[in-house]
Undergrad: 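Below is a structure I'd like to ask you about.
Positions are given from 1 along the sequence. Every heavy atom of this structure was used, including side-chain atoms; hydrogens, water molecules and symmetry mates were not. No experiment lies behind these values; they were computed from the predicted model shown.
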Amino acid sequence: MKIYIAASFTSRQRLRPIRDKLWEMGHEVTSTWLDEVRKPEEMTQKKFYKKLAIKDITELRTANLVIVDLLDPSTSGGRDTELGLALGSFQSKQIYLVGEPKSVFHELADRQFDHWNGLLEFLEFGIKI
């Protein structure tokens, strides 16, 4: 399965081992933002952000499952935008949440998990812990 992880950018170091576990389970994680590179010096910030946004949208669109990590606060709005794009896919994607729902739109997720261990157990064994 192709999986996109949406989360606060500041969560990327915490999420890298989870991404690796998903790969070990046989899934393809399309979220390259987890290993984001620095902006090239010759590129403007605006152009860099535009390229990142297009890349992230493309990666999200290829995924079958979008996992939205709510465990850390997000101030950029990227995670919420990615959730909106997934919800707008009209059931062509599954959407799972990790963490406490904070928005009415979070209630539209297909599954909710309190923590990543429960989600990983569910993906591995098909049961919700």
Undergrad: When rounded to the nearest 0.5 angstrom, what distance separates CD in Glu42 from NZ in Lys47?
TA: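 Glu42 CD to Lys47 NZ: 9.0 Å, rounded to 0.5 Å.
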Undergrad: Could you go step by step and tell me if Lys93 and Asp110 meet the salt bridge (Lys or Arg N to Asp or Glu O under 4.0 Å) rule?
TA: CA-CA 9 Å; Lys93 299 180 186 324; Asp110 297 293; over 6 Å; no
Undergrad: Is any side-chain heavy atom of Trp116 less than 4.5 Å from a side-chain heavy atom of Leu15?
TA: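 Side chain of Trp116 against side chain of Leu15, heavy atoms only: contact under 4.5 Å found.
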Undergrad: Take Arg16 and Arg19, measure what side chain to side chain contact (heavy atoms under 4.5 Å, CB included) needs, and give me the verdict at the end.
TA: CA-CA 5 Å; Arg16 287 176 188 150; Arg19 181 248 345 249; 3.6 Å; yes
Undergrad: Using a cut-off of 6.0 Å, state whether more than 12 heavy atoms not belonging to Tyr49 lie near its atom OH.
TA: no
Undergrad: For the pair Leu119 and Arg111, evaluate side chain to side chain contact (heavy atoms under 4.5 Å, CB included) and give the outcome as yes or no after the intermediate values.
TA: CA-CA 9 Å; Leu119 186 148; Arg111 296 197 180 272; over 6 Å; no
Undergrad: Considering all heavy atoms of both residues, which atom of Ala109 and which atom of Leu97 are nearest to each other, and what is their separation?
TA: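 Looks like CB-CG, 3.6 Å.
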Undergrad: Using the side chain to side chain contact (heavy atoms under 4.5 Å, CB included) rule, pick out the option among Asp56, Val29, Leu65 that qualifies with Tyr4.
TA: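 Among Asp56, Val29, Leu65, the one that satisfies the side chain to side chain contact (heavy atoms under 4.5 Å, CB included) with Tyr4 is Asp56.
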Undergrad: If every non-hydrogen atom of Pro73 is compared with every non-hydrogen atom of Ser8, which pair is closest and at what distance?
TA: O-OG, 3.2 Å
Undergrad: Nearest 0.5 Å, what's the CD-CG distance between Glu24 and Leu22?
TA: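 Answer for the CD-CG pair, Glu24 versus Leu22, is 9.5 Å.
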Undergrad: Determine, stepwise, if the pair His115 / Leu71 fulfils side chain to side chain contact (heavy atoms under 4.5 Å, CB included).
TA: CA-CA 8 Å; His115 48 78; Leu71 297 176; 5.7 Å; no
Undergrad: Just do the side chain to side chain contact (heavy atoms under 4.5 Å, CB included) check on Lys55 and Trp33 with the steps written out, would you?
TA: CA-CA 9 Å; Lys55 175 189 65 66; Trp33 69 267; 4.3 Å; yes
Undergrad: Are Val68 and Asp80 side-chain neighbours, meaning at least one heavy-atom pair lies under 4.5 Å?
TA: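 The answer is no, as the side chains (C-beta and beyond) never meet within the 4.5 Å cut-off.
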Undergrad: At their closest point, which heavy atom of Arg79 faces which heavy atom of Asp69, and how far apart are they?
TA: NH1-O, 2.9 Å
Undergrad: As an exercise, state the distance from CZ of Arg12 to CG of Leu34, rounded to the nearest 0.5 Å.
TA: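 So the gap between those two atoms works out to 9.0 Å.
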Undergrad: Within this structure, what is the CD1-CD1 distance for the pair Ile18 and Ile3, rounded to the nearest 0.5 Å?
TA: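 It comes to 11.5 Å.
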Undergrad: Any sub-3.5 Å donor-acceptor pair from Glu82's side-chain atoms to Val66's backbone N or O?
TA: no
Undergrad: Find out whether Met1 and Met25 are in side-chain contact, i.e. whether some heavy atom of one side chain is under 4.5 Å from a heavy atom of the other.
TA: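 No - every pair of side-chain heavy atoms lies 4.5 Å or more apart.
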Undergrad: Which value, rounded to the nearest 0.5 Å, describes the distance between Ser89 atom OG and Gln94 atom CD?
TA: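 The distance works out to 11.5 Å.
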Undergrad: Is the closest side-chain heavy-atom distance between Gln112 and Glu107 below 4.5 Å?
TA: yes
Undergrad: Evaluate the ring planes of Tyr96 and Phe122, with Trp represented by its six-membered ring, and classify them as parallel (under 30°), tilted (30 to 60°) or perpendicular (over 60°).
TA: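 It falls in the perpendicular class, over 60°.
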Undergrad: Going by heavy atoms in the side chains, are Lys39 and Leu52 under 4.5 Å from each other?
TA: no
Undergrad: Verify the distance criterion only: is there a donor paired with an acceptor across the side chains of Ser11 and Asp72 at less than 3.5 Å?
TA: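 The answer is yes; a qualifying pair exists.
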Undergrad: Does CZ belonging to Phe9 count more than 12 external heavy atoms closer than 6.0 Å?
TA: yes
Undergrad: How close do Phe48 and Met43 get, heavy atom to heavy atom, and via which atoms?
TA: CA-SD, 3.5 Å
Undergrad: Check for me, please, whether Ile95 and Val104 land in the same ILVMFWY cluster - side-chain distances under 4.5 Å, paths through other members count.
TA: yes
Undergrad: Please check this pair: side chain of Thr30 against backbone of Ala63, looking for a donor-acceptor N/O pair closer than 3.5 Å.
TA: no
Undergrad: Of all heavy-atom pairs between Thr58 and Ile54, which one has the smallest distance, and what is that distance?
TA: OG1-O, 2.8 Å
Undergrad: Should we count CD of Gln13 as having more than 12 external heavy atoms under 6.0 Å?
TA: no
Undergrad: NZ of Lys2 to CD of Glu59: how many Å apart, nearest 0.5 Å?
TA: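 If I round to the nearest 0.5 Å, the distance is 10.5 Å.
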Undergrad: Tell me, yes or no, whether the heavy-atom count around Lys51 atom NZ, taken from other residues, nucleotides or ligands under 6.0 Å, exceeds 12.
TA: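 Atom NZ in Lys51 is not packed in, count stays at 12 or less.
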